[in-house]
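Take a look at the structure below.
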Amino acid sequence: MLALAGCSKKEEAAPAATAEQSAPAPAAEPTSLGFVYIGPTGDHGWTYSHDQGRKAVEAKHGDKVKTAFIENVPETADAERVFRDMAQKGTKVVFATSFGYMNQMEKVAQAFPNTVFMHATGYKTANNLGVYDLRTYEGAYMLGVVAGKMTKKNKLGVVASIPIPEVIRNINAFTLGARSVNPKVTTSAIWVNSWFDPGKEREAALALISQGADVLMQNTDSPAVVQAAEEKGVYAFGWDSDMSKFGPKAHLAASILHWGVIYNEVTEAVMAGTWKTGDIWYGVKEVGVTIDAFGPDVPEDVKKLALERQEAIKAGTLHPWTGPIKDQSGKEVVAAGATMDDKTMRGINFYVEGVTGSIPK
């Protein structure tokens, strides 16, 4: 009886699972993003600014994204290998951050139609290949306004990288900005044929200083130009990022690039399934380019003027390439009241009036 009594109370059966009680669906896989860099993330210039953009995506989207990067990838067959490896590993979006990657990325994009490829500063597109850029010439123009006000010798210098339209356009915009406030200014450029070579950048900066330039801009990626300016007692600008810590007295201001504006937009479109190939070219209006980090030697009225120009560009009431503009031979290339179109700007192959020397062949 005791035994029977002990068994008389039936154990309650576990309730059957219902649809509402079923196990939760596994979390969606994070969107994988790959970034290919021409230089080191610690260059404090171009690659550094792109990597800040990558970090901006992580900060905004958290575990919904997974990013990876490879730095110091040359613009050779090595780039093709890197793009292909990323695609084979299932990377959803591959970002190539240098002009010289264009042909390699186009080739790999054809082989991986389900991967999104984005190429910075290029012009070739396909169904799964888009291009993107920032209007760096707007930053160069604003730096030129400061340079034109700060120079004592009316001689500016630019340490230039590779003679492609992007860099020629920036040299010209810098000169246009300077001459808009000081028509006596001239600009000289020395080409180092490299995006990142601190030794050559320093040598070029010292050569420009020895030729009489007292304000330097650069279209290269290291802070070597700012460091040389600090050493020689002249002025310089941060390019792509704030470089003031490398030359506290020399640093007048910086043209800062905010690639996160584009990287977040592309990422969100891919995540939503709405991405389509196209051409993104953002600038001051989209807060992709800003002038900031003014140095202690910049008078308040000069800072105010530069920021007013920035606001005018943002509002669309000022375009750095509005005529009249002449080339260095004196030929009018943009008529008074007209504005150079984007297609012409992207293929520019001449210096404007005020730039000395010739473009390397």
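Expressed to the nearest 0.5 Å, how far CZ of Arg135 lies from CG of Leu257 amounts to 13.5 Å. One distance of note links OG1 of Thr91 with CZ of Phe112; it measures 10.0 Å at 0.5 Å rounding. For the atom pair CG (Leu252) and CG (Leu216), the distance works out to 10.0 Å, reported to the nearest 0.5 Å. For the atom pair CE of Met86 and CZ of Phe69, the computed distance is 9.5 Å after rounding to the nearest 0.5 Å. The NZ atom of Lys66 sits 12.0 Å away from the CG atom of Asp63 when rounded to the nearest 0.5 Å. Distance CG/Asp133 to OG1/Thr121: 5.5 Å, rounded to 0.5 Å.
Of all heavy-atom pairs spanning Val289 and His258, the tightest one is N-CD2, 4.2 Å. What you find for Ala205 and Val159 is that their closest heavy atoms are N-CG2, 3.8 Å. Nearest heavy-atom pair, Ala306 versus Ile291, reported as atom, atom and distance to 0.1 Å: CB-CD1, 4.1 Å. Taking all atoms of both residues into account, the shortest heavy-atom contact from Met340 to Met345 is SD-CG, 3.4 Å. Scanning both residues, Leu33 and Thr267, for their nearest heavy atoms gives CD1-OG1, 3.5 Å. The heavy-atom pair separating Tyr137 from Ala173 by the smallest distance is O-CB, 3.4 Å.
Salt bridge annotation for Glu231-Arg202: present, with a cationic side-chain nitrogen under 4.0 angstrom from a carboxylate oxygen. Salt bridge annotation for Lys304-Glu300: absent, with no cationic side-chain nitrogen under 4.0 angstrom from a carboxylate oxygen. Ion pairing between Lys124 and Glu106 holds under the 4.0 Å rule for side-chain N and carboxylate O. Between Arg346 and Asp279 there is a salt bridge, with a side-chain nitrogen of the basic residue lying less than 4.0 Å from a carboxylate oxygen of the acidic one.
When hydrophobic clusters are built by joining Ile, Leu, Val, Met, Phe, Trp and Tyr residues whose side-chain heavy atoms come closer than 4.5 Å, directly or via intermediates, Ile359 is not grouped with Leu208. By the rule that hydrophobic residues join a cluster once side-chain heavy atoms approach within less than 4.5 Å of another member, Phe196 and Ile164 end up as members of separate clusters. Put simply, Ile256 and Phe294 are part of two different groups of oily side chains (I, L, V, M, F, W, Y) that touch within less than 4.5 Å, one to the next. Under the 4.5 Å side-chain heavy-atom criterion for grouping Ile, Leu, Val, Met, Phe, Trp and Tyr, Val167 is connected to Met102 within one hydrophobic cluster. Under the 4.5 Å side-chain contact rule for hydrophobic residues, Leu318 and Val287 do not share a cluster.
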Start with the C-alpha distance between Leu129 and Met118, add both sets of side-chain angles, then the distance that settles side-chain contact (heavy atoms from CB on, under 4.5 Å), and finish with yes or no. CA-CA 6 Å; Leu129 171 61; Met118 292 293 294; over 6 Å; no
Take Thr47 and Thr41 through the test side chain to side chain donor-acceptor pair (under 3.5 Å) and record every step on the way to the result. CA-CA 5 Å; Thr47 294; Thr41 56; over 6 Å; no
Using the side chain to side chain donor-acceptor pair (under 3.5 Å) rule, take Ser241 and Ser49 through it: C-alpha gap first, then chi angles, then the decisive distance, then the call. CA-CA 7 Å; Ser241 73; Ser49 67; over 6 Å; no
Given Trp239 and Ser255, is the side-chain contact (heavy atoms from CB on, under 4.5 Å) satisfied, shown in steps? CA-CA 5 Å; Trp239 185 247; Ser255 172; 4.1 Å; yes
Under the criterion ring-ring contact (aromatic ring centres under 6.0 Å, His included), I'd like the reasoning laid out for Phe117 against Phe83: C-alpha separation, chi angles, the key distance, then a yes or no. CA-CA 9 Å; Phe117 294 88; Phe83 301 148; 7.2 Å; no
Determine whether Thr339 and Val334 satisfy the following criterion, side-chain contact (heavy atoms from CB on, under 4.5 Å), listing intermediate values before the conclusion. CA-CA 7 Å; Thr339 299; Val334 183; 5.8 Å; no
Mind running ring-ring contact (aromatic ring centres under 6.0 Å, His included) on Phe174 and Tyr141 for me, showing each step along the way? CA-CA 4 Å; Phe174 179 62; Tyr141 175 88; over 10 Å; no
Can you list the steps and then say if Asp43 with Ser222 is a side chain to side chain donor-acceptor pair (under 3.5 Å)? CA-CA 5 Å; Asp43 67 358; Ser222 87; over 6 Å; no
Test side chain to side chain donor-acceptor pair (under 3.5 Å) on Asp292 and Thr290; report intermediate values, then the result. CA-CA 6 Å; Asp292 207 339; Thr290 58; 5.2 Å; no
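Environment of OH in Tyr123: sparse, with no more than 12 heavy atoms of neighbouring residues, nucleotides or ligands closer than 6.0 Å.
At least one side-chain heavy atom of Glu332 sits less than 4.5 Å from a side-chain heavy atom of Pro324. Side-chain atoms of Trp195 and Thr220, non-hydrogen and from C-beta on, never get closer than 4.5 Å to each other. Between His44 and Phe246, the closest side-chain pair of non-hydrogen atoms falls below 4.5 Å. A heavy-atom distance below 4.5 Å is found between the side chains of Arg309 and Ser180. Gln211 has its side chain within reach of Ile190: a pair of non-hydrogen atoms, C-beta onward, lies under 4.5 Å apart. Side-chain contact between Val181 and Leu305: present, with at least one pair of heavy atoms (C-beta onward) separated by less than 4.5 Å. In this structure, the side chains of Glu353 and Ile325 stay at 4.5 Å or more apart for every pair of heavy atoms. For the pair Val158 and Gln218, the minimum side-chain heavy-atom distance is 4.5 Å or more.
Judged by distance alone, with hydrogens and angles left aside, the side-chain atoms of Tyr101 form a donor-acceptor pair with the main-chain N or O of Val73 at under 3.5 Å. Side chain of Glu230 to backbone of Val226: no donor-acceptor contact under 3.5 angstrom is found. Looking only at distances, a side-chain donor or acceptor of Asp214 sits under 3.5 Å from a matching main-chain atom of Lys153.
Every salt bridge (charged side-chain N to carboxylate O under 4.0 Å, His left out) that Arg54 has, sequence neighbours left out, goes to Asp51, Glu58. Legend: residues meeting side-chain contact (heavy atoms from CB on, under 4.5 Å) with Asn264, ordered by chain and number and at least two apart, are Ala56, Val57, Lys60, His61, Glu268. Listed by chain and number, the residues in a side-chain contact (heavy atoms from CB on, under 4.5 Å) with Asp341 are Lys343, Thr344 (sequence neighbours excluded). Applying the ring pair (Phe, Tyr, Trp, His ring centres under 6.0 Å) criterion to Trp259, with sequence neighbours excluded, gives Trp46, His50, Tyr132.
Within the structure, salt bridge (charged side-chain N to carboxylate O under 4.0 Å, His left out) pairs that include any residue of residues 68-91 comprise Glu80-Arg84, Glu80-Lys107, Asp85-Lys89 (at least two apart or interchain). For residues 163-178, every residue pair satisfying the side-chain hydrogen bond (donor to acceptor under 3.5 Å, both in side chains) rule, not counting sequence neighbours, is listed here: Thr136-Asn170, Asn170-Asn219, Thr175-Thr187.
A side-chain donor-acceptor contact under 3.5 Å links Asn154 and Asn182. Using a 3.5 Å distance cut-off with no hydrogens or angles, the side chains of Asn127 and Thr277 do not pair a donor with an acceptor. Tyr235 and Asp297 share a side-chain donor-acceptor pair at under 3.5 Å.
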